[in-house]
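No hydrogens, no waters, no symmetry mates; every other heavy atom, side chains included, goes into these values. Letters A, B, ... mirror the listed sequences (proteins, then strands); counts begin at 1.
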Amino acid sequence: MSRSARWRQADRFDHQARLAAPFAVLGVTTEEDWLVRIDYLPLGTPVLAPQSALAREVCEQLRAYLRDPRLRFDLPVRLSGTPFQQRVWEAVAAIPSGQTRSYAAVAKALHTAPRAVGRACGANPVPLVVPCHRVVAADGLGGFLHTRSGAPVAIKRWLLEHERR
DNA sequence: CGCCAAAGATAAC
DNA sequence: GTTATCTTTGGCG
């Protein structure tokens, strides 16, 4: 186990809520009184009414964010990951809405390498709350969800457009 | 278990 | 176009 046995069984569909967004359907997963995960589901996925008070709160804030990107999330998020990843996520969460930072800038602040930052961001369990989409390549958009092109990147682009105004 | 080898959402020469 | 940099992951001894 050690470092290989972690949260591999996250593909269970026990979302506590599913909220429709313009670019995807957001699957909210909570554990006890903590938000532990947000998944991007294909458009067309049936929405699900909040199954708990916390899920309802999460949906409220997500909807508020979709309406006004300047909103700052105030949710009990439980970040599970390596110490390094938590540091990266913390740094990313400090990026103001409407702005972007390059992987190099984040890496420099954390005293590490750009590529390592990209990897840590890809492991981010709670996109939107931890705005990994605000981290872009020095020369362009960069990737998303461990890929450099495809649907995930389209989502990233949409989010940046959304915050840009 | 611990070590070696390869890859990745990059950046700089 | 190639090399540098750092973490994570998968395979093997």
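Salt bridge status for A:Asp74 with A:Arg72: absent, with no side-chain N to carboxylate O gap under 4.0 Å.
Residue A:Arg101 contributes atom CZ, which lies 16 Å from atom C1' of B:dA11 at whole-angstrom precision. Whole-Å rounding puts the A:Leu110 CG to C:dT7 C1' distance at 12 Å. Remark: P of B:dA9 and CG of A:Leu159 are 18 Å apart, rounded to the nearest angstrom. Distance CZ (A:Phe84) to C1' (B:dG8): 13 Å, rounded to an integer number of Å. Distance, A:His111 NE2 to C:dT5 P: 13 Å, rounded to whole Å. C:dA4 atom C1' lies 17 Å from atom NZ of A:Lys108, rounded to whole Å. Atoms CH2 (A:Trp89) and C1' (C:dT7) sit 13 Å apart, rounded to a whole Å. Straight-line distance from the CG atom of A:Asn124 to the P atom of C:dT8: 14 Å, rounded to whole Å.
Nearer the 5' end of DNA chain C, as judged by each residue's closest nucleotide, is the contact made by A:Pro114, out of A:Pro114 and A:Ala120.
When distances run from any side-chain atom of A:Arg115 to the nucleotides C:dT7, C:dT5, B:dT10, the shortest one goes to B:dT10. The listed nucleotides are C:dC6, B:dA9, C:dT8; the one nearest the side chain of A:Lys156 is B:dA9. Distance from the side chain of A:Tyr103 is smallest for B:dA9 among the nucleotides B:dG8, C:dC6, B:dA9.
Applying the 4.0 Å criterion to OP1 and OP2 of B:dT10, one finds that A:Ser102 has every side-chain N and O outside that range.
Ring orientation note: the planes of A:Phe23 and A:Tyr40 are nearly perpendicular, at an angle over 60° on the 30°/60° scale.
Across residues 136-148 of chain A, A:Ala137, A:Ala138, A:Gly143, A:Phe144, A:Leu145, A:His146, A:Thr147, A:Arg148 each have a non-hydrogen atom less than 4.0 Å from an atom of DNA chain B (numbered order).
Nucleotide B:dG2 has C:dC12 as its partner under the Watson-Crick or G-U criteria, with both atom distances under 3.5 Å. Using N1 to N3 plus N6-O4 or O6-N4 for Watson-Crick, or N1-O2 and O6-N3 for G-U wobble, each under 3.5 Å, C:dT5 pairs with nothing.
The shortest side-chain heavy-atom distance between A:Val28 and A:His15 does not fall under the 4.5 Å cut-off.
Pairing each heavy atom of A:Gln99 with each of A:Ile95, the nearest pair is O-CG2, 3.7 Å. A:Ala120 and A:Phe84 get closest at one heavy-atom pair: CB-CE2, 4.2 Å.
No option in A:Glu163, A:Arg70, A:His162 other than A:Glu163 meets the side-chain hydrogen bond (donor to acceptor under 3.5 Å, both in side chains) test with A:Tyr65.
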Taking it one step at a time, do A:Cys132 and A:Phe144 satisfy side chain to side chain contact (heavy atoms under 4.5 Å, CB included)? CA-CA 8 Å; A:Cys132 46; A:Phe144 203 53; 3.8 Å; yes

